[in-house]
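Here the structure is laid out as structure tokens; the discussion comes afterwards.
Ligands are counted one by one from 1 in listed order, and the atoms in each one are counted from 1 as well.
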Amino acid sequence: MTRVFSGIKPTGHLTLGNYLGAMRRWAEVDQRHGDAVFCVVDLHALTVDHDPARVRRLSRQTATLLLAAGLDPELCTVFVQSHVDEHTRLSYLLECVATDGEMRRMIQYREKAARERERGGSVRLSLLTYPVLMAADILAYGTHEVPVGDDQTQHVELARDIAVRFNQRYGHTFVVPRATRPAVAARVMNLQDPGAKMGKSDDSGPGIVYLLDEPDVVRKKVARAVTDSGADVVYDPAGRPGVANLLEILAACTDGDPAGLGDGYTSYGALKKDVADAVVEVLRPLRERHRELCADPGYVDGVLREGARRARALARPTVDAAYRAIGLLPAEAEVVVGAG
Ligand code: TRP
């Protein structure tokens, strides 16, 4: 069976963009057709300035929202990265295979590091080595497919390169993964700035619909979305990015086609009303399920405990094999067991 692995960083409240662009597909497709593993990658949240209490809170909230969005612990494995030591164990080995040049070439590193330096801040070393930890996340599980957004394909490519190199040098150990992108990924843009992705890490409210926003907040944000000059509703992502984004969101919520949907509208107001209704409807079951899960924190704890147990069992043999392949002396007990 195809092993699918993806991760989500607890660096902000999850958004409609996270849901329509990734989580919904994880729930509807990936967990049903593959042997899927989903990880709240909390160690990755420590690569930039962070507030410990907030990371802890967001890790739990992210896991809860993954379940609320339909990830079913009967079908897939959901866990928190720091609960499974294999990630950091493997990451160090991979640091001995990757090069510093490769790290410095990563676009995300360059952008984030430049931004940090501009602010006069310092750049954590872990921001540079982040892609190696991500490669470890992926390779530890014998992953075939990594469903991620475009901004992560370079990191998945790096994981491929590292896997191939390790296998060539030290013998076949890792499955060589590939990034997959859903055929119809909804690319949800910021309602106030349709040139930018609706991301969770840039916590500036008005253009971002959070999964836990109350319906009237959702309606307000959609009503205030920037549109473009011109009054007719046409789908033209380059020329009319604001309207195109609204059509894109409506299409994603109603299983429609953004280009065709435009024909039905003669005013921005009517479009916005339908977008708001559609978003509220899509988020309703998720919010309800989230409320139920919050009322029973023991359940979420149990899912994460069991998820970590399964994840450990999946990753351990591969990481142990990598330790042996790269030349580390097995611990005594292992020699006895492995001698046969
Ligand atoms: N780097 C990813 C992001 O910022 C998160 C991530 C970490 C990830 N490890 C992963 C995604 C492994 C897929 C597989 O979105």
Side-chain angles (χ1 to χ4, degrees), residues 2-15 17-23 25-26 30-31 34-48 50 55 58-59 62-63 65-66 71 76-84 86-91 94-95 98 103 106-113 115 124 126-163 174-182 185 187-188 197-202 307 311 314-315 318-319:
T2 308
R3 171 66 46 77
V4 177
F5 183 101
S6 200
I8 190 157
K9 257 185 311 188
T11 44
H13 297 286
L14 293 177
T15 72
N18 297 122
Y19 180 66
L20 295 178
M23 294 157 66
R25 192 182 154 87
W26 294 353
D30 294 314
Q31 71 172 351
D35 174 4
V37 179
F38 298 106
C39 183
V40 177
V41 288
D42 55 349
L43 297 171
H44 289 282
L46 311 183
T47 54
V48 290
H50 78 284
V55 170
L58 286 174
S59 294
T62 303
L65 280 169
L66 287 175
L71 291 190
C76 68
T77 302
V78 181
F79 74 106
V80 175
Q81 184 187 30
S82 65
H83 295 176
V84 178
E86 312 317 309
H87 296 247
T88 47
R89 283 182 75 214
L90 182 56
S91 184
L94 301 185
E95 283 187 21
M103 294 305 109
M106 292 292 122
I107 294 164
Q108 202 169 66
Y109 167 73
R110 296 166 68 120
E111 289 178 354
K112 286 193 180 175
R115 228 177 294 145
R124 296 186 181 184
S126 55
L127 187 68
L128 181 64
T129 57
Y130 175 120
V132 177
L133 179 59
M134 177 164 162
D137 299 338
I138 295 166
L139 299 184
Y141 294 89
T143 303
H144 301 98
E145 294 183 358
V146 190
V148 282
D150 286 343
D151 59 331
Q152 296 300 316
T153 47
Q154 193 187 28
H155 293 155
V156 179
E157 287 295 313
L158 179 83
R160 281 177 72 88
D161 292 347
I162 292 177
F174 298 120
V175 172
V176 179
R178 65 186 184 91
T180 55
R181 223 167 357 118
R187 218 171 123 67
V188 179
K197 215 169 87 165
M198 189 186 282
K200 63 176 151 24
S201 305
D202 32 37
L314 291 174
T318 303
V319 177

What atoms of ligand 1 come within less than 4.0 Å of a heavy atom belonging to [X]?
| X | result |
| --- | --- |
| I138 | 12 (C), 14 (C) |
| V146 | 13 (C), 14 (C) |
| Y130 | 1 (N), 2 (C), 3 (C), 4 (O), 5 (C) |
| K9 | 4 (O) |

Do side-chain atoms of [X] reach the backbone of [Y] as a donor and acceptor pair under 3.5 angstrom?
| X | Y | answer |
| --- | --- | --- |
| R124 | V48 | yes |
| E95 | T129 | no |
| T143 | I138 | yes |

Open item on the list: Heavy-atom pairs closer than 4.0 Å: do any link ligand 1 to the side chain of V148, the backbone, both, or neither?
Closed with: side chain

Task: Region of I8 engaging ligand 1 - heavy atom pairs below 4.0 Å - done: neither

- [ ] Grab the two heavy atoms, one from I8 and one from W26, that are nearest each other, plus how far apart they are.
- [x] CB-CH2, 4.2 Å

Open item on the list: Parallel, tilted or perpendicular: which one describes the rings of Y130 and H155, with boundaries at 30° and 60°?
Closed with: tilted

TODO: For the pair F79 and H87, name the ring-plane relationship: parallel under 30°, tilted 30 to 60°, perpendicular over 60°.
DONE: tilted

Open item on the list: Pairs of nitrogen or oxygen atoms closer than 3.5 Å, one from Q108 and one from ligand 1: do any exist?
Closed with: no

Open item on the list: I want to know if ligand 1 touches S6 in the polar sense, i.e. an N/O pair below 3.5 angstrom.
Closed with: no

- [ ] Classify the side-chain pair D150/T153 by whether it contains a donor and acceptor separated by less than 3.5 Å.
- [x] no

What's the shortest distance from [atom] to any protein heavy atom, and which residue and atom give it?
| atom | result |
| --- | --- |
| atom 10 (C) of ligand 1 | M134 CG, 3.6 Å |
| atom 12 (C) of ligand 1 | F5 CE2, 3.5 Å |
| atom 2 (C) of ligand 1 | Q152 OE1, 3.4 Å |
| atom 11 (C) of ligand 1 | G7 N, 3.4 Å |

TODO: Please work out which of D137, V37, V4 has its closest non-hydrogen atom nearest to atom 9 (N) of ligand 1.
DONE: D137

- [ ] Output yes when E145 and R178 qualify as a salt bridge under the 4.0 Å nitrogen-oxygen rule, no when they do not.
- [x] yes

Task: Heavy-atom side-chain proximity of T47 to L133 below 4.5 angstrom - done: no

